[in-house]
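Here's the structure, in structure tokens; my notes come after.
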Amino acid sequence: MLDINKIRHNPEEIKRALLKRMDSVDFTELLEWDAQRRNLIVLNEEKKAKRNKVSDDIPGLKKQGVDVQGLISEMKQLSNEIKENDNILRDIEAKIHNFLSALPNIPADDVLPGGKENNQVIREWGSKREFGFTPKHHVDLATDLGIVDYERGAKIGGYGFWVYTGIGALMEWALLNYFITEHLKDGYTFMLPPHILTYQCGYTAGQFPKFVDDVFKVEASEERENMQFILPTAETALINFHRGEILKEEELPKKYFAYTPCYRKEAGSHRAEERGMIRGHQFNKVEMFQYTTPENSEIALEELVEKAEKLVRGLGLHHRVTKLAAKDCSASMGKTYDIEVWIPSMNDYKEVSSASNAYDYQARRGNIRFRRTNTSKPEFVHTLNASGLATSRIFPAILEQYQQEDGSVIVPEVLRKWVGRDILKREE
RNA sequence: GGAGAGAUGGCUGAGUGGUCGAAGGCGCUCGACUCGAAAUCGAGUGGACGUUCACGCGUCCCGUGGGUUCGAAUCCCACUCUCUCCGCCA
């Protein structure tokens, strides 16, 4: 949610910034509604002030024996006018709210306009491995090793699901353990939130109403506000943890991380080259989240990117960091870095972490504020999130980047204590 | 799922139609006293919106949404949540 005051005072500036990610922006109607709203408020508050004044006087006048019948019927008329104006006001405010809710965040100054084609690679780590043999696809590797069962996954869950079996499940769990251990070392607080959330959670995160059809709904409630859905990312839960609260400045930054599976419909987004684990309906992810003061959010974003990168580096996987152009950022985000790992079979880099600063956009939607001193006015916090990490791209990257000619796969050093072996071999 | 009780400011707790945005207490902030602290005393202490250069002023908010009334924390209706008991179940 953007600040209507900002739009009122700098419509051209906001418009210019939004055009980096939107095809057209027109505030004409919005500003008209805004003016109508404020005029109506002044008018109606004057009427209310009069009503309050007269109503306060009535008991005294009655005591003095003055006939107040005239006043009372006058106030009755006034009350009707007020009620009418309040109805008009409610309609205008609904229009303003709907308009503002649909606007995405303002891209940061250093974010380039346009879509994917304008994403910038900031840095790379490692390099593409030269295979002395024909490398295999992770689906074939995993199937041959017997660590992921795609066929039975589809049989029991439908298309887009798989089953980690035996050592595969151990590998998956090892990754999660590795992430969790690192975040704990850095002083982040471990959270295990509900996986089923209310509509309001999706709204605060900035995912609803636009993407309400991309999630799995639990209750087919007629009223949208009463629906519940299975979370598409732990971010949706963590942004809502402090919804409606006023935090103390000394509590900030709040640093959380959560493990949850993520559930996404991904309707219409399946592509042949993304077979396997690259885009499923359910994947495991550890998500980092921070609530900060406005002045500290830029630094926090760098910290989150660095943490995510460190995890990928720790696994020894070739990857790069990209700064997303405006249209490629999620609507709630003002700035996003993606960490992308190399997938040899695709000869492409796929996102394993997305680190974003929402600035006060989500905080406004969720009314999450903080106070600097006991007496100062509450201000909106800034919120940031970053995957740390999603396993569903890391798992294939490990299989493919660490595969050997005989189809075995070397286990990254940091995972060995949990997997209990150095190498994954077929005969196991 | 059934029955009952409740929801008031940071907390506690009064208030059942007319200066109640809300007594009292606790907490917190500032000040006085003190070498300092404690105790004591004094003052202050919610949010949103609008208006104003500013001081300020106005409107709204006592779980949420409606209604009655000149006037609602207080009366009526619906809903939500919490607690207790019973049933069912992991």
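Naming: A, B, ... by sequence-line order, numbering from 1 per chain.
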Measure the acute angle between the ring planes of H183(A) and F257(A), then classify it against the limits of 30° and 60° as parallel, tilted or perpendicular.
tilted
Just how far, in rounded Å, is P of G46(B) from CZ of R369(A)?
14 Å
To the nearest angstrom, how far is D34(A) atom CG from C49(B) atom C1'?
12 Å
Quote, to the nearest angstrom, the P distance that separates G44(B) from C57(B).
14 Å
Any non-hydrogen side-chain atom of I398(A) less than 4.5 Å from a side-chain atom of M171(A)?
yes
Going by the angle between their ring planes, with limits at 30° and 60°, are F161(A) and H281(A) parallel, tilted or perpendicular?
tilted
Aromatic plane relationship, H195(A) with Y263(A) - under 30° parallel, 30 to 60° tilted, over 60° perpendicular
tilted
Atom CD of E250(A) to atom C1' of C28(B): distance rounded to whole Å?
12 Å
Rounded distance in Å between the C1' positions of A43(B) and A5(B)
41 Å
Nucleotide-resolved protein contact map, nucleotides 75-81 of chain B, B/S/- at heavy-atom distance under 4.0 Å:
-------
Does U82(B) pair with anything, Watson-Crick or G-U wobble, both distances under 3.5 Å, and if so, with which nucleotide?
A5(B)
Flag the pair E249(A) and R371(A) as a salt bridge only when some basic side-chain nitrogen lies within less than 4.0 angstrom of an acidic carboxylate oxygen.
no
Can you tell me how far C1' in C81(B) sits from the matching atom in G63(B), rounded to whole Å?
7 Å
Tell me whether the OP1 or OP2 atom of C49(B) has a side-chain N or O from R38(A) closer than 4.0 Å.
no
As its Watson-Crick or G-U partner within any shown strand, both distances under 3.5 Å, A90(B) has none
With both distances under 3.5 Å as the test, what is the Watson-Crick or G-U wobble partner of G65(B)?
C77(B)
Is it true that, when you exclude E84(A) itself, more than 12 heavy atoms of the residues, nucleotides or ligands shown sit nearer than 6.0 Å to its CD?
no
From the options A48(B), G46(B), G50(B), select the nucleotide whose nearest atom is closest to the side chain of P378(A).
A48(B)
OP1, OP2 of G50(B) versus side-chain N and O of R37(A): anything below 4.0 Å?
yes
In plain terms, say whether E93(A) and R90(A) are close enough for a salt bridge, that is, a side-chain N and a carboxylate O under 4.0 Å apart.
no
Given atom CZ of F380(A) and atom P of A48(B), what is their separation to the nearest angstrom?
8 Å
To the nearest Å, give me how far apart CH2 (W33(A)) and C1' (G50(B)) are.
21 Å
With a 3.5 angstrom cut-off on both distances, give the Watson-Crick or G-U wobble partner of C53(B), or none if there isn't one.
none
Without decimals, in angstroms, what is the distance between E249(A) CD and C28(B) P?
20 Å
Across every strand shown, the nucleotide meeting Watson-Crick or G-U wobble geometry with C33(B) (both distances under 3.5 Å) is none
Rounded to whole Å, how long is the line connecting atom CD of E245(A) with atom C1' of G46(B)?
16 Å
Less than 6.0 angstrom separating the ring centers of Y188(A) and F289(A), yes or no?
no
Tell which nucleotide pairs with A38(B), taking only Watson-Crick or G-U wobble pairs whose two distances are both under 3.5 angstrom.
none
Does the structure show a Watson-Crick or G-U wobble partner for G27(B), both distances under 3.5 Å? Name it, or say none.
U45(B)
Inter-residue atom distance L252(A).CG - Y291(A).OH, 0.5 Å rounding
10.5 Å
Apply the test side-chain hydrogen bond (donor to acceptor under 3.5 Å, both in side chains) to residues N240(A) and T204(A): give CA-CA distance (whole Å), side-chain angles for both, the deciding distance (0.1 Å), then the verdict.
CA-CA 7 Å; N240(A) 282 280; T204(A) 299; 3.3 Å; yes
Let me have a per-nucleotide readout for nucleotides 54-72 of chain B, 5' to 3', with B, S or -, counting only protein heavy atoms under 4.0 Å.
----BBS-----S-S-BS-
Got a salt bridge between D149(A) and R152(A), using NZ or NE/NH1/NH2 to carboxylate O under 4.0 Å?
yes
What does G18(B) pair with, Watson-Crick or G-U, if both distances are under 3.5 Å?
C70(B)
Nearest-angstrom distance, P atom, A90(B) to U82(B):
23 Å
